[in-house]
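Small disclaimer: the values here were computed from a predicted structure and weren't measured.
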Amino acid sequence: MSGEDFATRVARVREEWLGRSWVIKDDVTPAVMRRIAAMLDMDPNAFPRGAEVPAHWFSLFCAESARQGDIGADGHPEPGVVLPPIPLPRRMGAGRRVQLQGGFRVGEVLTKRAEVAVIEPKQARTGTICVLTMRHTFTVGDRPVAVDEFDALYREAVAPGTSSPVNAGQPAPTDAAWSQVQHLPSTLVFRYSAITWNAHRIHYDADYAREVEGYPALVQNGGLTMQLLLDAAMAQAGGRRLSAFTARLTRPISVGDTVTLAGGAVANDAMSAWVADQGGALCAQMELQFA
Ligand SMILES: C/C(=C\C(=O)SCCNC(=O)CCNC(=O)[C@H](O)C(C)(C)COP(=O)(O)OP(=O)(O)OC[C@H]1O[C@@H](n2cnc3c(N)ncnc32)[C@H](O)[C@@H]1OP(=O)(O)O)C(=O)O
């Protein structure tokens, strides 16, 4: 790809798409809560109408619902149908910065305003990338619930038969105050992807993941990694209220792997948490802030 062509195409997409926004509403029903709780290995009946929903679960709602005819080769909507047509073909969820502002309950209607906030080409260790940041503002009526700046990275294609470049990575911390072994079976990844209506084929179509995107196996859904790490960290937070968190997914995990969710003790109303693979490499890092 010529650098100039790429830069010109990204500039045109930025001009046309930056600042665009749209709204999605979702009913937080007992039926959906049953599926979410069951997927997270909790009592499916733990969240009847009126029950408080864990504040950081807001991102399990208000998914995009592209028509089947608009689904593209990778399982996401065709470039430009829902999201900007970033001129690189391989999308990865990469990180987020979240402010939690208020709770919500089963039976309420959650509204998400999605806004195209950043489109930024960069040179990464693993090739040319483009960062797309979507700012998702969640409310119930006039009540603020959360603002979530979610980064996806778009990557260059891999030549047929070659592997997706992986950075050397860095070792995960070894001074955990708590840790938990977590298996990532395909059934869990399927159920999470279904709840979040994410049809990206790298998560369930092994031939596609290997042959088209160059990964060694099915790729763990990054939203699920962050969900499991947050839930594990909150269980160690002694009932504190989460007010903000940031996360970065630094290295791909394969579906079927067993990872370690771990973190430090709460200090100054903050906690660090991370995910390590079986070789001890850092796959995700998170900073939690408590009110
Ligand atoms: C959901 C969902 C999709 C998915 O779930 S996909 C699976 C989950 N995601 C992953 O497994 C991603 C794992 N991460 C990686 O493989 C690597 O981090 C990645 C994306 C290949 C980038 O690694 P590099 O080593 O090539 O990147 P650099 O460290 O050289 O960074 C270059 C610049 O990019 C910025 N950057 C890097 N990582 C992130 C990030 N997570 N969020 C935001 N920005 C990032 C980095 O700061 C560098 O920028 P500078 O300005 O400092 O140059 C779905 O589709 O929704």
Side-chain angles (χ1 to χ4, degrees), residues 39-40 59-60 63-64 66 71-79 82-83 86 88-96 124-132 134 150-170 172 181-232 247-261 274-286:
M39 179 266 295
L40 293 171
S59 58
L60 296 167
E64 300 287 351
I71 292 297
D74 69 351
H76 280 297
E78 289 282 9
V82 175
L83 294 174
I86 306 292
L88 289 173
R90 293 192 302 136
R91 177 184 159 104
M92 286 201 118
R96 58 211 279 222
R125 285 173 290 184
T126 56
T128 300
I129 61 169
C130 187
V131 179
L132 168 65
M134 293 296 300
F150 185 94
D151 302 322
L153 301 189
Y154 289 75
R155 312 178 69 192
E156 296 173 280
V158 290
T162 63
S163 300
S164 177
V166 186
N167 60 39
Q170 63 183 93
V181 171
Q182 175 75 53
H183 182 48
L184 301 167
S186 55
T187 46
L188 172 60
V189 182
F190 171 84
R191 278 157 51 112
Y192 178 87
S193 293
I195 283 167
T196 54
W197 210 225
N198 179 335
H200 196 177
R201 292 170 68 191
I202 62 172
H203 303 309
Y204 60 86
D205 181 340
D207 289 344
Y208 173 85
R210 276 194 295 263
E211 292 163 18
V212 180
E213 298 220 12
Y215 296 109
L218 290 175
V219 181
Q220 158 70 358
N221 186 313
L224 174 59
T225 303
M226 293 188 267
Q227 174 80 37
L228 295 170
L229 184 57
L230 264 178
D231 284 340
R248 262 202 185 200
L249 303 169
T250 51
R251 204 174 161 78
I253 300 166
S254 294
V255 173
D257 280 0
T258 297
V259 295
T260 301
L261 312 175
W274 59 89
V275 179
D277 67 16
Q278 277 182 308
L282 182 68
C283 298
Q285 55 195 128
M286 188 174 277

Original post:
Considering all heavy atoms of both residues, which atom of P252 and which atom of M92 are nearest to each other, and what is their separation?
Top reply: CG-CE, 4.1 Å
**OP:** Measure across P216 and S254 and return the closest heavy-atom pair with its distance rounded to 0.1 Å.
**Re:** CG-OG, 4.4 Å
Original post:
Hey, what do you get for NE2 (H203) to CG (N198), rounding to the nearest 0.5 Å?
Top reply: 4.5 Å
**OP:** Answer yes or no: is there a donor N or O on one side and an acceptor on the other, between the side chain of D257 and the main chain of V259, under 3.5 Å?
**Re:** no
Original post:
C283 versus Q220: any side-chain heavy-atom pair under 4.5 Å?
Top reply: no
Subject >> Contact summary for A73 and R201, nearest pair of heavy atoms >> reply: O-NH1, 2.7 Å
Original post:
Got a second to check how far L249's CG is from M226's CE, nearest 0.5 Å?
Top reply: 4.5 Å
Original post:
Which pair of heavy atoms, one from T250 and one from L282, lies closest together, and at what distance?
Top reply: OG1-O, 3.0 Å
Original post:
Got a second to check how far M39's CE is from Y192's OH, nearest 0.5 Å?
Top reply: 7.0 Å
Original post:
How far does CG of D207 sit from CG of L218, to the nearest 0.5 angstrom?
Top reply: 9.0 Å
Subject >> From L40 atom CG to I195 atom CD1, the distance as rounded to the nearest 0.5 Å >> reply: 7.0 Å
Original post:
Between I71 and A66, what is the shortest heavy-atom contact and its length?
Top reply: CD1-CB, 4.2 Å
Original post:
Is the backbone N or O of A124 less than 3.5 Å from a side-chain atom of T128, with the two atoms forming a donor-acceptor pair by type?
Top reply: no
Original post:
Is there a side-chain contact between L228 and L184 (heavy atoms, below 4.5 Å)?
Top reply: yes
Original post:
Hey, what do you get for CG (D205) to CD (E211), rounding to the nearest 0.5 Å?
Top reply: 8.5 Å
Original post:
Is there side-chain contact between S164 and R90, with heavy atoms separated by less than 4.5 Å?
Top reply: yes
**OP:** Would you please test R251 and V166 for side-chain contact (heavy atoms from CB on, under 4.5 Å) and show each step?
**Re:** CA-CA 7 Å; R251 204 174 161 78; V166 186; 3.5 Å; yes
**OP:** Have a look at E156 and tell me which of L88, T126, I129 forms a side-chain contact (heavy atoms from CB on, under 4.5 Å) with it.
**Re:** L88
Original post:
Can you name the residues that form a salt bridge (charged side-chain N to carboxylate O under 4.0 Å, His left out) with R248, not counting sequence neighbours?
Top reply: none
**OP:** For residues 181-190, pull every pair meeting side chain to side chain donor-acceptor pair (under 3.5 Å), keeping only residues two or more places apart or in separate chains.
**Re:** H183-T258
Subject >> Least distance between heavy atoms, T225 atom then A284 atom >> reply: CG2-CB, 4.2 Å
Original post:
Should the heavy atoms of other residues, nucleotides or ligands under 6.0 Å from OH of Y208 be counted, would the total exceed 12?
Top reply: yes
**OP:** Begin from the C-alpha positions of L60 and T196 and carry the test side-chain contact (heavy atoms from CB on, under 4.5 Å) through to its verdict.
**Re:** CA-CA 6 Å; L60 296 167; T196 54; 3.9 Å; yes
Subject >> Beyond-backbone contact of E213 with V219, side-chain heavy atoms, under 4.5 angstrom >> reply: no
Original post:
Which residues satisfy the ring pair (Phe, Tyr, Trp, His ring centres under 6.0 Å) test with H76, sequence neighbours excluded?
Top reply: H200
